[in-house]
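Taking it in order: structure first as structure tokens, then the write-up.
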Protein chains: 2
Amino acid sequence: MARTQGSHSDITGPRIREAALALFARHGYAAVSMRQIAAEVGVQAGALYNYIPDKQALLFELMQGHMAELLEAIAARPAPTGALARLDDFTRFHIRFHAARPEAVFIAYMELRNLTPPNFAAIEALRQHYEGLLEAIIGAGIAEGSLSTPDPKLATRAVIAMLNGVNTWFRADGRLSLGEVETLYRDMVLKALGA
Amino acid sequence: MARTQGSHSDITGPRIREAALALFARHGYAAVSMRQIAAEVGVQAGALYNYIPDKQALLFELMQGHMAELLEAIAARPAPTGALARLDDFTRFHIRFHAARPEAVFIAYMELRNLTPPNFAAIEALRQHYEGLLEAIIGAGIAEGSLSTPDPKLATRAVIAMLNGVNTWFRADGRLSLGEVETLYRDMVLKALGA
DNA sequence: GTCTATAGATCGATAGAC
DNA sequence: GTCTATCGATCTATAGAC
């Protein structure tokens, strides 16, 4: 990994984020040193500070970037017509998006307590916005009569938790394909919400 | 918190575990120092080593104790007759048991990666044993025809994840009582499993 | 059983040479 | 933009007095 001297402003920045993402996900933010990140990138620790003000900002950027990507991806998706179709689309999107970036997802849920209070508030607002999208779908389903659940807010949290669980065990080379998992979870979600 | 000198073998041990539980849950294992734990107990850092061999053993004891308590509590519970009644009992037990000890639950799920490999294997075996209890109930329900779900192993994971989610938002002084939450989740679980 | 003191290592972040 | 070198703080764990 050692590199000789030279100027690499275009690639070092992204590589720092990649290395930090992998190391934070594996060992946890508090257990990873700036020297470890630097070694993974192939620079000395001091060079990291040309790209980030401090370790906290590095964590925040990773989490904010992940949440922004999530919200952009769901916003860019054309919404199907009808609550059931929208719910089907949401569950498939959620599972697929999260399965594709397990490290960022892991960090986004595990390292919240290592954010400073203002940084935490910013991430929490993004998370609540995403949750609100699902709650709106469930509310629309109740309004149109295609869904029936006594407490939409609680049901929203239950569905999100269920879908998030996929990331703790899914492996691409496992017994089920991602498409099969999506369908099985979609069916459980629809039934749980009284479709 | 400062204390004068003296011998307190009977109470210092449990107090160390209590302090470590609270601090690990709030700040994370890697971010908590032995000095912080000692200060919370009211002793100097060196005194901790009369009770535990090292920091890792302290984490392991907390997690193992939690899992042992969980398995003992469910084993001591008289099993109702019929899969639906057993499922109702399991969901209520799971939610109530976990809601009563949020710190231990948080540590049990968040600090797995900070265990040494042999310690991790021991905890993981206990977790799988617990999961197996729910899988057996679901399997029995399918066998007797009261439940209908295409993949019992996947359904087991989905239900556990859904139930675990309660701990991330439930507050005793919130909108819903724990009993109400239990009932709402029980209903969603039953429906999701095709009861 | 707890104290004080400390060893030996490692941390985040900065300064200045190139 | 990266290097070497380092400051000052902090860490786990241990040694020896009481």
Side-chain angles (χ1 to χ4, degrees), chain A residues 1-24 26-63 107 111 113-119, chain B residues 1-24 26-63 107 111 113-116 119:
Chain A
M1 274 296 173
R3 271 206 309 101
T4 51
Q5 276 183 279
S7 181
H8 300 271
S9 65
D10 293 349
I11 58 169
T12 303
R15 275 170 53 82
I16 289 172
R17 285 173 184 74
E18 287 167 28
L21 186 78
L23 287 168
F24 289 169
R26 186 183 310 267
H27 305 291
Y29 172 77
V32 172
S33 70
M34 299 299 274
R35 284 174 177 81
Q36 281 178 272
I37 297 169
E40 190 72 19
V41 174
V43 298
Q44 294 299 314
L48 299 180
Y49 293 89
N50 292 320
Y51 299 90
I52 48 154
D54 52 33
K55 193 184 177 189
Q56 167 70 204
L58 183 51
L59 175 64
F60 179 65
E61 279 179 30
L62 290 176
M63 294 179 70
I107 292 172
E111 304 295 355
R113 65 183 165 189
N114 285 312
L115 291 171
T116 60
N119 286 347
Chain B
M1 274 298 171
R3 270 208 310 104
T4 52
Q5 275 183 279
S7 181
H8 300 272
S9 66
D10 292 351
I11 58 170
T12 303
R15 274 169 55 81
I16 289 172
R17 285 174 183 74
E18 286 167 27
L21 187 77
L23 288 168
F24 288 169
R26 187 183 309 269
H27 305 291
Y29 172 77
V32 172
S33 71
M34 298 300 272
R35 282 177 179 79
Q36 281 177 275
I37 298 169
E40 191 71 20
V41 174
V43 298
Q44 294 300 313
L48 300 180
Y49 293 89
N50 291 320
Y51 299 90
I52 47 153
D54 53 32
K55 194 184 177 189
Q56 166 71 202
L58 183 52
L59 175 64
F60 179 64
E61 279 179 29
L62 291 176
M63 295 178 69
I107 292 171
E111 304 295 356
R113 64 183 164 189
N114 285 313
L115 291 171
T116 60
N119 286 347

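These numbers were taken from a predicted model, which means no experiment stands behind them. Chain naming here is simple, since letters A, B, ... match the order of the sequence lines and numbering starts at 1 in each.
Of the candidate nucleotides D:dT2, C:dC3, D:dT6, D:dT6 has the atom lying nearest to any side-chain atom of A:R35. The side chain of B:N50 lies closest to C:dG1, out of C:dG1, D:dC3, D:dA13. Residue B:Y49 places its side chain closer to D:dA13 than to any other of D:dT2, C:dA13, D:dA13. Closest approach to the B:Y51 side chain among D:dC3, D:dA13, C:dG1 is made by C:dG1 (side chain taken as heavy atoms from C-beta onward).
Across the protein-nucleic acid pair, A:L58 atom CG and C:dG12 atom P stand 11 Å apart, rounded to whole Å. Atoms NE2 (A:H27) and C1' (C:dC11) sit 16 Å apart, rounded to a whole Å. Remark: P of D:dT14 and CD1 of B:I52 are 11 Å apart, rounded to the nearest angstrom. A straight line from CD1 of A:I16 to P of D:dG1 spans 11 Å, rounded to a whole angstrom. Summarising the geometry, the separation between NZ on A:K55 and C1' on C:dA13 is reported as 12 Å, rounded to the nearest angstrom. A:I11 has its CD1 atom 12 Å from the P atom of D:dG1, to the nearest Å. D:dA13 atom P lies 10 Å from atom CD1 of B:I37, rounded to whole Å. The nearest whole Å value for the distance from the CG atom in A:D54 to the P atom in C:dA13 is 5 Å.
Taking 4.0 Å as the cut-off between side-chain N and carboxylate O, A:E111 and A:K55 do not count as a salt-bridged pair.
OP1 or OP2 of D:dC11 has at least one side-chain nitrogen or oxygen of B:S33 nearer than 4.0 Å. Side-chain nitrogen and oxygen atoms of B:Q44 include none within less than 4.0 Å of the OP1 or OP2 phosphate oxygen of C:dT2. A close approach under 4.0 Å does not occur between any side-chain nitrogen or oxygen of A:T12 and OP1 or OP2 of D:dG1.
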- Message: side-chain contact (heavy atoms from CB on, under 4.5 Å), that's the test. Do A:I52 and A:M34 meet it? Break it down for me.
- Response: CA-CA 11 Å; A:I52 48 154; A:M34 299 299 274; 3.5 Å; yes
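The main-chain N or O of B:L23 is never found under 3.5 Å from a side-chain atom of B:Q36 such that the two would form a donor-acceptor pair. With hydrogens and angles ignored, the 3.5 Å screen pairs no side-chain donor or acceptor of A:Y29 with any backbone N or O of A:I107.
Of all non-hydrogen atoms in B:R17 and B:L62, the two that sit nearest each other are O-CD2, 3.7 Å.
When the nearest nucleotides of DNA chain C are assigned to A:Q36 and B:A45 by heavy-atom distance, the more 5′-ward of the two goes with B:A45.
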